[in-house]
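These notes are about the structure you will find just below.
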Amino acid sequence: MTDIAATDDIFFNHAGLDKDKTQGIVEEALNGADDGELYLEYGQSESFVFDDGQLKNASFDTAQGFGLRAIAGETAGYSHTSELSENALKRAQDTVKAVHAGHGGVMADAPGKTNRNLYIDDNPLNLAPFETKVKLLSDIDAYARGKDNRLKQVSASLSGEWQAVQIIRADGSRAADIRPLVRLNVSCVIGDGDRMEAGSFGSGGRETYETYLQADTWQAAVDEALRQALVNLGSMPTPAGEMPVVLGPGWPAILLHEAIGHGLEGDFNRKKTSAFAELMGERVAAPGVTVVDDGTIDNRRGSITIDDEGTPTQRTVLIEDGILTGYLQDRLNSRLMGVPSTGNGRRQSYAHTPIPRMTNTIMENGDHEPEEIIKSVKKGLYAVNFGGGQVDITSGKFVFTCTEAYQIEDGKIGPSVKGATLIGSGPDALKTVSMIGNDLALDPGVGTCGKDGQGVPVGVGQPTMRLDRLTVGGTEV
């Protein structure tokens with residue numbers, strides 16, 4: 001069954017909407033507008049939390065609704081509700097028509113079509129029984145507690161989502177997607193004397209629970225969480241100052257996502273509030289730096305077959321060999337900027353309007369061996385994992401907290417350090433990149449990006465990378 005047919009079954013057979021009447025309401029609502037669509041959504045989600053040797057929480061939720069949008073110039077009228085009915089659609093029609101009353105716009109062409117599907121459309125929530133999911137978390141707890149007698153606490157969680165969407169336009173064109181999403185998280189607290197430290201690891205993607213039920217997968221997650229806790233237990237205070245910083249492969253690209261990626265989203269650049277505004281075609285990074293946003297990688301957390309406006313996702317080159325070559329675009333901003341949409345119009349749910357958002361943001365490989373990069377640093381910091389951070393889009397300035405980092409001394413990885421923060425400016429930091437590794441890795445599948453009060457799943461990736469100058473905030477007295 002195609003996604004169109006499957007979502008027809010959800011919205012028109014089970015929910016009770018009439019397909020022809022729904023189409024007529026959309027046509028009337030958007031007559032005279034420049035763009036717009038009806039976004040239909042149905043979703044299921046569940047989560048399980050295991051803590052202190054017992055199941056602490058198990059939840060299941062369903063959500064459905066629609067959002068109707070009409071655009072006139074830069075202005076959008078949007079109406080949404082959880083009620084899937086003809087009366088609700090007509091009320092929404094009356095609301096959004098007000099935004100383009102007397103406007104006389106010409107409706108933009110519909111997005112192109114795609115025949116690809118980046119993930120299975122099976123509902124992961126239905127493919128494993130309740131008892132199996134709880135046993136997985138219980139097995140994780142028992143395995144962790146048998147690994148180290150200094151273990152003080154183990155927490156594990158498992159979550160899954162299944163989302164079906166259909167986008168209907170005034171010309172009768174439709175696009176649909178059915179999106180699975182699962183995630184496993186493990187955290188451990190280790191104590192030695194008066195000192196206690198934590199470590200955690202998570203993984204996930206657009207697939208079923210099958211991978212995460214396999215012993216080698218969840219045992220590796222426990223081992224990694226314990227390893228990080230033990231590293232932190234032996235960590236020393238962080239020396240502060242400006243120094244070379246080597247970022248490890250994979251998850252450290254969250255710094256790239258926050259400090260660079262958001263600044264390349266179309267809305268910030270159209271409004272000239274980004275540090276990268278009006279720099280198209282200019283050098284914004286060191287030679288060798290190539291950054292792409294790719295929503296087409298199979299099964300990845302940040303991937304989507306189509307965006308939430310119905311545009312197929314794509315691989316968009318943002319920075320090529322240090323030169324700014326592209327922005328991330330939804331339909332509204334791309335139309336106003338006179339460029340095509342890149343398939344990055346995303347929304348958290350039917351209750352939100354689509355805005356330009358990243359999918360999987362990746363720095364591509366260079367030609368240096370990771371060991372060669374470490375050897376090039378006499379005294380610096382090797383940052384392997386990150387926690388939270390803050391970024392100012394207008395200036396590009398950022399502050400990030402390292403959850404796993406090490407001193408580099410005379411070209412060798414030294415002791416682990418605790419409490420390191422990286423402080424700098426995204427545009428400036430890119431220009432200090434002097435060595436890029438050949439070990440590109442993607443994150444394990446845990447990223448959620450927040451913007452304008454909306455959260456969407458994303459991915460990041462990069463190889464090992466040296467930045468010649470970055471301010472490190474430390475804890476050494």
inquiry  = Treating Q454 as the side-chain partner and T353 as the backbone partner, does any N or O pair qualify as donor plus acceptor under 3.5 Å?
reply    = yes

query = Hey, does P457 have a side-chain heavy atom less than 4.5 Å from the side chain of R346?
reply = yes

Residues D468, R466: salt bridge by 4.0 Å N-O rule = yes

task = Any chance you could measure L118, atom CG, to R206, atom CZ, to the nearest 0.5 Å?
result = 9.5 Å

request  = Could you tell me whether the side chain of Y406 and the main chain of K412 form a donor-acceptor pair under 3.5 Å?
outcome  = no

request  = Would you name the heavy atoms of G345 and D307 that are closest together and state the gap between them?
outcome  = N-OD2, 2.9 Å

ask   = Do T448 and V456 have side-chain heavy atoms sitting under 4.5 Å apart?
value = no

query = Do we see a donor-acceptor contact under 3.5 Å between the side chains of N232 and E404?
reply = no

ask   = Does the side chain to side chain contact (heavy atoms under 4.5 Å, CB included) test come out yes or no for E364 and Q462, once each step is laid out?
value = CA-CA 6 Å; E364 296 197 330; Q462 69 172 46; over 6 Å; no

key: E409 with K378: basic N within carboxylate O range, under 4.0 Å   = no

query = Given side chains that start at C-beta, do those of M337 and L332 come closer than 4.5 Å, heavy atoms only?
reply = no

message = Are L318 and V292 packed together at the side-chain level, in the sense that at least one heavy-atom pair is separated by less than 4.5 angstrom?
response = no

inquiry  = Centroid separation under 6.0 Å, is that true for the rings of H352 and H80?
reply    = no

key: Salt-bridge criterion met for R69 and E309 (N-O under 4.0 Å)   = yes

Within 6.0 angstrom of Q214 CD, more than 12 heavy atoms from elsewhere = yes

Spacing of CG belonging to L264 relative to CG belonging to L256, to within rounding of 0.5 Å = 9.0 Å

inquiry  = Pairing donors with acceptors under 3.5 angstrom, does anything connect the side chains of D34 and H103?
reply    = yes

ask   = Should we count CE of M236 as having more than 12 external heavy atoms under 6.0 Å?
value = no

message = Taking the side chain as everything from C-beta on, heavy atoms only, tell me whether V284 gets closer than 4.5 Å to P427.
response = no

request  = With rounding to the nearest 0.5 Å, note down the distance linking CD in Q407 to CD1 in I413.
outcome  = 12.0 Å

key: Side-chain donor/acceptor of N385 to backbone N/O of T403, under 3.5 Å   = no

Donor-acceptor side-chain pairing of T359 and D293 below 3.5 angstrom = yes

query = Just by distance, do the side chain of S200 and the backbone of A225 share a donor-acceptor pair under 3.5 Å?
reply = no

inquiry  = Please give me the minimum heavy-atom distance between G424 and L470, naming the atom from each residue.
reply    = CA-CD1, 4.3 Å

Chi angles and distances behind the side chain to side chain contact (heavy atoms under 4.5 Å, CB included) call for T313, D294 = CA-CA 8 Å; T313 53; D294 191 349; over 6 Å; no

Residues R331 and D35 bridged, charged N to O under 4.0 Å = yes

note = Closest heavy-atom pair, I436 versus G288, reported as atoms and distance to 0.1 Å, is CD1-O, 3.3 Å

task = Please confirm whether the backbone N or O of D321 pairs with a side-chain atom of T290, one donor and one acceptor, at under 3.5 Å?
result = yes

ask   = In Å and rounded to the nearest 0.5 Å, what is the CG to CE distance from D367 to M435?
value = 8.5 Å

key: Pairwise side-chain contact, Y42 with L40, heavy-atom cut-off 4.5 Å (strictly under)   = no

query = Roughly how far, to the nearest 0.5 Å, is the CD atom of E37 from the CG atom of D308?
reply = 9.5 Å

key: Check: P312 main-chain N/O paired with T114 side-chain donor or acceptor under 3.5 Å   = no

message = Under 3.5 Å, is there a donor on one side chain and an acceptor on the other for Q166 and T7?
response = yes

request  = List the steps and the verdict of side chain to side chain donor-acceptor pair (under 3.5 Å) for N344 and R357.
outcome  = CA-CA 5 Å; N344 289 90; R357 306 295 299 272; over 6 Å; no

ask   = Would you say N115 has more than 12 foreign heavy atoms packed within less than 6.0 Å of its CG?
value = no

inquiry  = Looking only at the side chains, is there a donor atom on one of R195 and S235 sitting less than 3.5 Å from an acceptor on the other?
reply    = yes

key: Side chain to side chain, K418 and E197, heavy atoms closer than 4.5 Å   = yes

inquiry  = Using a strict threshold of under 4.0 Å (side-chain N to carboxylate O), is an ion pair present between E372 and K375?
reply    = no

key: Distance in Å, T273 OG1 paired with I393 CD1, rounded so as to fall on 0.5 Å steps   = 8.0 Å

request  = Assess the side chains of E207 and Y212: does a donor N or O sit below 3.5 Å from an acceptor N or O?
outcome  = yes

message = Looking at V231, is its backbone amide N or carbonyl O close enough to the side chain of S416 to form a donor-acceptor pair, meaning the two atoms are under 3.5 Å apart?
response = yes

key: Donor-acceptor pair between Q163 and E41 side chains, under 3.5 angstrom   = yes

ask   = So do the side chains of V472 and T238 get within less than 4.5 Å of each other, counting heavy atoms only?
value = yes

Backbone N/O of V26 and side chain of R169: donor-acceptor pair under 3.5 Å = no

task = Determine, stepwise, if the pair W251 / V460 fulfils side chain to side chain contact (heavy atoms under 4.5 Å, CB included).
result = CA-CA 6 Å; W251 181 245; V460 296; 3.9 Å; yes

task = Kindly determine whether I167 and R174 satisfy side chain to side chain contact (heavy atoms under 4.5 Å, CB included), including the steps that lead there.
result = CA-CA 6 Å; I167 297 126; R174 294 185 292 155; over 6 Å; no

ask   = Which atoms form the tightest heavy-atom contact between A285 and L430, and what is the distance?
value = CB-CB, 3.6 Å

request  = Keeping the roles fixed (side chain from R183, backbone from G160), state whether a donor-acceptor pair exists under 3.5 Å.
outcome  = no

ask   = Between V446 and S203, what is the shortest heavy-atom contact and its length?
value = CG1-N, 3.6 Å

ask   = Does any N or O in the side chain of N269 come within less than 3.5 Å of the main-chain N or O of K272, such that one atom is a donor and the other an acceptor?
value = no

message = Given the ring of F268, does K451 sit roughly above its face, with NZ or CZ under 6.0 Å from the centre of the six-membered ring and within 45° of the axis?
response = yes

Side-chain H-bond candidate by donor/acceptor type, E224 with Q228, under 3.5 Å = yes

request  = Could you verify whether a donor N or O on one side chain and an acceptor N or O on the other, from Q44 and D61, lie under 3.5 Å apart?
outcome  = no

query = Should the pair R347 and Y39 be classed as cation-pi, given the thresholds of under 6.0 Å to the six-membered ring centre and 45° from the axis?
reply = yes

query = Do R300 and N360 have side-chain N/O donor and acceptor atoms under 3.5 Å apart?
reply = no

query = For residues Y119 and D177, is any side-chain donor paired with an opposing acceptor at under 3.5 Å?
reply = yes

ask   = Quick one: salt bridge (Lys or Arg N to Asp or Glu O under 4.0 Å) pairs with a partner in residues 273-291, sequence neighbours left out?
value = none

task = Identify the two heavy atoms, one from G437 and one from N365, that lie closest to each other, and give their separation to 0.1 Å.
result = O-OD1, 3.3 Å

